Amino acid sequence: QVQLVESGGGLVQAGGSLRLSCAASGRAFSNLRMNWFRQAPGKDREFVAAVSWSDVTTIYADSVKGRFTITRDNAKNTVYLQMNSLKSEDTAVYYCAGTGTWSRGVQAMDYWGKGTLVIVSP
């Protein structure tokens, strides 16, 4: 079993930066592909970024490519999401999720955190 706890959310002006962290408990962390999702008010939860077990392969949603960077530190059981050049449309609750597959689907995730709120003011 893996438990995930996000932190680092907050209020930031457009154009600013935030770094989200997701701390994991459980020895299975290094075997999971880790993901970030987000859910804006009134919208479905959407995929943001993923990083492979070895921190070598990353994938991003088109909407964040070039602005967000996902990394992981298996020694610290932590995954990060560096968010730069934030836009008002990035406002959402951001969730950390883990899976043993390469699927980006919400239903494919085995573990979820409770989320951290990011608000980007115009």
Side-chain angles (χ1 to χ4, degrees):
Q1 190 74 7
V2 175
Q3 293 184 330
L4 304 173
V5 179
E6 303 94 336
S7 61
L11 175 64
V12 62
Q13 288 187 329
S17 298
L18 278 176
R19 188 194 196 200
L20 306 183
S21 298
C22 172
S25 63
R27 293 181 292 176
F29 174 78
S30 59
N31 297 326
L32 298 175
R33 194 194 79 174
M34 296 303 298
N35 305 261
W36 286 97
F37 286 77
R38 67 185 181 186
Q39 188 166 17
K43 295 188 177 180
D44 293 336
R45 194 168 298 189
E46 64 175 1
F47 170 81
V48 174
V51 61
S52 65
W53 301 267
S54 59
D55 197 26
V56 171
T57 302
T58 56
I59 54 175
Y60 296 93
D62 288 343
S63 58
V64 306
K65 201 171 294 183
R67 300 188 297 122
F68 290 11
T69 303
I70 185 171
T71 57
R72 69 188 293 164
D73 185 337
N74 287 338
K76 296 182 178 180
N77 274 17
T78 302
V79 61
Y80 305 96
L81 186 68
Q82 177 67 44
M83 305 186 296
N84 299 328
S85 302
L86 283 161
K87 306 175 182 179
S88 56
E89 51 263 44
D90 295 318
T91 294
V93 177
Y94 283 72
Y95 297 90
C96 176
T99 178
T101 75
W102 268 108
S103 172
R104 305 184 194 187
V106 170
Q107 286 74 18
M109 299 299 124
D110 298 308
Y111 306 102
W112 287 95
K114 293 185 177 181
T116 185
L117 177 61
V118 172
I119 300 174
V120 183
S121 62

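What you see is a predicted model, and the numbers here were worked out from it, not measured in a lab.
Residues Asn74 and Arg72 are in side-chain contact: their nearest non-hydrogen atoms beyond the backbone lie under 4.5 Å apart. When side chains are defined from C-beta on, Met34 does not count as touching Met109, because their heavy atoms never get closer than 4.5 Å. Residues Val106 and Gln39 fail the side-chain proximity criterion, which asks for heavy atoms closer than 4.5 Å. A 4.5 Å side-chain heavy-atom check between Leu20 and Glu6 finds every atom pair outside the cut-off.
Following chains of ILVMFWY side-chain contacts shorter than 4.5 Å, one cannot reach Met83 starting from Val93, and the two form parts of different hydrophobic clusters. Under a hydrophobic clustering in which Ile, Leu, Val, Met, Phe, Trp and Tyr are joined whenever their side-chain heavy atoms come within less than 4.5 Å, directly or via other members, Leu86 and Phe37 fall into different clusters. There is a path of hydrophobic side-chain contacts, each under 4.5 Å, that joins Val2 to Leu81.
Below 30°, between 30° and 60°, or above 60°: for Trp53 and Trp102 the angle between ring planes is above 60°, a perpendicular geometry.
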Please report the C-alpha distance between Val51 and Thr71 in whole Å, then the side-chain angles of each, then the deciding distance to 0.1 Å, and finally whether the side chain to side chain contact (heavy atoms under 4.5 Å, CB included) criterion is met. CA-CA 7 Å; Val51 61; Thr71 57; over 6 Å; no
Pair Trp112, Cys96 - check side chain to side chain contact (heavy atoms under 4.5 Å, CB included), show working. CA-CA 6 Å; Trp112 287 95; Cys96 176; over 6 Å; no
Step by step, work out the side chain to side chain contact (heavy atoms under 4.5 Å, CB included) result for Leu4 and Tyr95. CA-CA 9 Å; Leu4 304 173; Tyr95 297 90; over 6 Å; no
List the steps, then state whether side chain to side chain contact (heavy atoms under 4.5 Å, CB included) holds for Tyr60 with Thr69. CA-CA 8 Å; Tyr60 296 93; Thr69 303; 3.8 Å; yes
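The number of heavy atoms from other shown groups lying within 6.0 Å of NZ (Lys65) is above 12.
Under the side-chain hydrogen bond (donor to acceptor under 3.5 Å, both in side chains) criterion, the residue pairs touching residues 82-92 are Ser17-Asn84, Arg38-Asp90, Arg67-Asp90, Gln82-Asn84, with sequence neighbours excluded.
Separating the CG atom in Asp62 from the CZ atom in Phe47 is a distance of 10.5 Å, to the nearest 0.5 Å. Distance check, rounded to the nearest 0.5 Å: OG1 of Thr101 to CG of Leu32 gives 10.0 Å. Annotation: the span from Asn77 atom CG to Cys22 atom SG amounts to 10.0 Å, rounded to 0.5 Å. Taking CD1 from Ile70 and OG1 from Thr57, the interatomic distance works out to 11.5 Å, rounded to the nearest 0.5 Å.
Among all heavy-atom pairs drawn from Phe29 and Ala24, the shortest one is CD1-CB, 3.3 Å.
A donor-acceptor pair is defined here as one N or O able to donate and one able to accept, closer than 3.5 Å; such a pair exists between the side chain of Thr99 and the backbone of Ala108.
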